Amino acid sequence: MAELLKLTPMLPELVLVGGAMLLLLYGVMRPETEAEAEVVDWMAIGLMAVAAYLVFATSGTQSLFGSGFIADPFARIMKLITLLGASGALLLSFDDMKDTKTLKFEFPILVLLATAGMMIMISANDLLSLYLGLELQSLALYVVAAFRRDDVRSSEAGLKYFVLGALSSGMLLYGASLAYGFAGTTSFAGIAAAAKAAGGDASKSLLLVFGLVFILVGLAFKISAVPFHMWTPDVYEGAPTPVTTFFAAAPKVAAMALLVRVAGSAFGDIRVQWQPIIVFLSIASMVIGALGAIGQTNIKRLMAYSSIANMGYALLGLAAGGAEGIQGIIIYLVIYVVMTLGTFACILSMRREAPAEPG
């Protein structure tokens with residue numbers, strides 16, 4: 001019992017993963033009907049509400065697994081935003097999936113697992129927990145992108161996302177291995193201590209800077225920052241609209257939170273090396289996102305470029321640094337998630353048939 005109590009900081013994630021497994025058993029044993037799938041959907045939303053309550057009920061800073069997993073005020077607020085985006089996307093999926101005959105019990109289970117991965121990403125304080133959360137999220141997202149198996153565009157979206165996602169994961173792993181080779185540890189605190197010991201000597205910290213660049217490339221792909229945004233318009237267009245809603249809201253928050261933690265906790269002492277990179281990513285995302293949206297005729301591609309530009313605005317807070325910059329990111333992401341869900345609610349409502357005129 002004492003060992004289980006030590007896992008209290010990770011209880012929201014355990015609730016989502018354990019609940020997903022139970023819902024999987026429920027879905028397999030029950031008839032495969034829309035009514036049963038809708039029950040699983042509502043149960044998944046209920047699990048997210050329970051997880052949000054557990055996140056909200058904790059206080060202070062707690063850590064697990066040798067400080068590889070950390071639950072602090074920053075993690076809590078970002079997890080709540082992520083759960084808002086994920087539950088909102090699930091809620092909006094009902095009508096559209098009923099209309100297209102794709103309401104299946106597997107979808108909310110995959111969303112739960114992806115959300116659990118996002119929450120692990122947000123609390124990651126070690127390169128290993130970072131990658132574990134990232135892959136738990138990504139593998140579920142690859143599947144939901146191609147959720148409509150009979151739709152060529154959906155299958156194409158899933159394949160593109162998988163191939164490019166695997167490439168970005170490989171780059172991130174290479175960067176992590178370089179950082180580990182420099183510091184001799186995978187913990188963010190250990191990497192920060194090694195970077196501080198190297199001081200401003202560029203020759204000593206060259207390996208760490210190379211590692212940092214590759215890690216930033218991997219994380220920039222996850223938030224769709226230019227020039228690693230090429231997958232976003234195609235995946236947003238090809239994936240089912242409820243899936244696109246989920247992609248546009250929750251994963252961006254988790255990836256941005258992870259980027260903030262990596263840059264601030266692990267590489268905070270070499271800010272002069274990564275700050276120009278973040279400034280470039282921010283400006284390029286704002287410009288390309290805005291200009292690329294002008295010629296779009298597909299509303300989901302338009303929203304893809306909108307999300308690219310919005311991530312550029314959010315990156316301004318990280319480029320600025322300090323507590324005020326982080327607060328700016330949090331406030332911006334809250335507004336971004338709410339507005340994204342509202343916009344996609346309008347897009348999804350456009351698919352409904354107009355009521356027949358009387359008489």
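The structure presented is a predicted model; accordingly, all values stated were derived computationally and were not measured. Along the sequence shown, the residues carry numbers beginning at 1.
When each of L281, V260, L259 is checked for a side chain to side chain contact (heavy atoms under 4.5 Å, CB included) with L219, only L259 meets the rule. For the pairing with E237, the salt bridge (Lys or Arg N to Asp or Glu O under 4.0 Å) check across K300, R301, K160 returns one residue only, R301. Considering V279, V262, L212 in turn, L212 is the only one that fulfils the side chain to side chain contact (heavy atoms under 4.5 Å, CB included) rule with W274.
In this structure, F94 places its CZ atom where more than 12 heavy-atom neighbours from other residues, nucleotides or ligands lie under 6.0 Å away. Counting heavy atoms of neighbouring residues, nucleotides and ligands inside a 6.0 Å radius, atom CE of M230 exceeds 12 of them. Crowding of F210 atom CZ: a count of heavy atoms from other residues, nucleotides or ligands under 6.0 Å not exceeding 12. The neighbour count for Y142 OH, taken as heavy atoms of other residues, nucleotides or ligands under 6.0 Å away, is above 12. Counted within 6.0 Å of OH on Y26, heavy atoms from surrounding residues, nucleotides or ligands total more than 12; the atom is thus considered enclosed.
By the 4.5 Å heavy-atom criterion applied to side chains, L127 and I191 are counted as neighbours. At a threshold of 4.5 Å between non-hydrogen side-chain atoms, the residues P108 and L23 do not count as touching. Taking 4.5 Å as the limit, some side-chain heavy atom of F107 sits within range of a side-chain heavy atom of L90. The side-chain heavy atoms of S307 and K252, taken from C-beta on, include a pair separated by under 4.5 Å. For the pair L83/M118, no side-chain contact is recorded, criterion being any heavy-atom separation below 4.5 Å from C-beta on. Using a 4.5 Å heavy-atom cutoff, the side chains of M48 and V111 are in contact. Annotation: side chain of N298 is not in contact with side chain of Y236 (no heavy-atom distance under 4.5 Å). No side-chain heavy atom of F105 sits less than 4.5 Å from a side-chain heavy atom of V39.
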Would you check, one step at a time, whether the test side-chain contact (heavy atoms from CB on, under 4.5 Å) holds for M10 with I120? CA-CA 9 Å; M10 204 179 185; I120 294 173; 4.3 Å; yes
Stepwise, does the side chain to side chain donor-acceptor pair (under 3.5 Å) test hold for Y161 with D234? CA-CA 9 Å; Y161 191 32; D234 291 337; over 6 Å; no
Test V243 against L110 for side-chain contact (heavy atoms from CB on, under 4.5 Å), laying out the working first. CA-CA 11 Å; V243 174; L110 289 167; over 6 Å; no
side-chain contact (heavy atoms from CB on, under 4.5 Å) evaluation trace for V235 with L164: CA-CA 11 Å; V235 173; L164 294 174; over 6 Å; no
L91 vs W42, side-chain contact (heavy atoms from CB on, under 4.5 Å): CA-CA, chis, key distance, verdict: CA-CA 8 Å; L91 194 61; W42 281 111; 3.5 Å; yes
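In terms of heavy-atom proximity, A249 sits nearest to G85 at CB-CA, 4.0 Å. Closest approach of F280 and P227 over heavy atoms only: CE2-CD, 4.1 Å. Taking every heavy atom of both residues into account, L80 and A52 meet most closely at CD2-O, 3.5 Å. When all heavy atoms of A75 and R261 are compared, the pair lying nearest together is CB-NH2, 3.5 Å. Contact between P242 and S93 at its shortest, heavy atoms only, is CB-CB, 3.5 Å. Residue M78 comes nearest to A257 through the heavy atom pair CE-CB, 3.6 Å, listed as atom of the first residue, atom of the second, then distance.
Criterion: ILVMFWY side-chain heavy atoms under 4.5 Å apart, direct or through other members. Under it, L112 and V17 are not part of a common hydrophobic cluster. V28 and F147 fall within the same hydrophobic cluster, where Ile, Leu, Val, Met, Phe, Trp and Tyr residues are linked whenever their side-chain heavy atoms come under 4.5 Å apart, directly or through other members. The hydrophobic cluster containing Y180 does not contain V213, counting ILVMFWY residues as joined when their side-chain heavy atoms lie under 4.5 angstrom apart, directly or transitively. Linking ILVMFWY residues whenever their side-chain heavy atoms come closer than 4.5 Å, directly or via other members, places Y53 and V15 in the same cluster. Hydrophobic clustering, with ILVMFWY side chains joined whenever heavy atoms are under 4.5 angstrom apart, groups F56 together with I122.
Here the side chain of S224 pairs no donor or acceptor atom with the backbone of H229 at under 3.5 angstrom. In this structure, the side chain of Y336 engages the main chain of A248 through a donor-acceptor pair within 3.5 Å. Of the possible donor and acceptor atoms, none in the side chain of S306 sits under 3.5 Å from a partner among the backbone N and O of L302. Between the side chain of S154 and the backbone N or O of A145, at least one donor-acceptor pair lies under 3.5 Å. S349 places a side-chain N or O within donor-acceptor distance of the main-chain N or O of C346, the cut-off being under 3.5 Å. For the pair S123 (side chain) and I70 (backbone), a donor-acceptor distance under 3.5 Å is present. Under the 3.5 Å distance criterion, the side-chain polar atoms of T245 are left unmatched by any main-chain donor or acceptor of A89.
One distance of note links CD1 of I308 with CD1 of I288; it measures 9.0 Å at 0.5 Å rounding. If you take OG1 on T115 and CD on Q137, they are separated by 9.0 Å, rounding to the nearest 0.5 Å. Taken to the nearest 0.5 Å, the OG1 atom of T58 stands 9.5 Å off from the CG atom of L11. Rounding to the nearest 0.5 Å gives a distance of 4.0 Å between CD1 of I347 and CD1 of I299. From M171, atom CE reaches atom CZ of F228 across 7.0 Å, with rounding to the nearest 0.5 Å. From L139, atom CG reaches atom CZ of F162 across 8.0 Å, with rounding to the nearest 0.5 Å.
Note: F221 and W231 have tilted aromatic rings, judged against thresholds of 30 and 60 degrees for the angle between ring planes.
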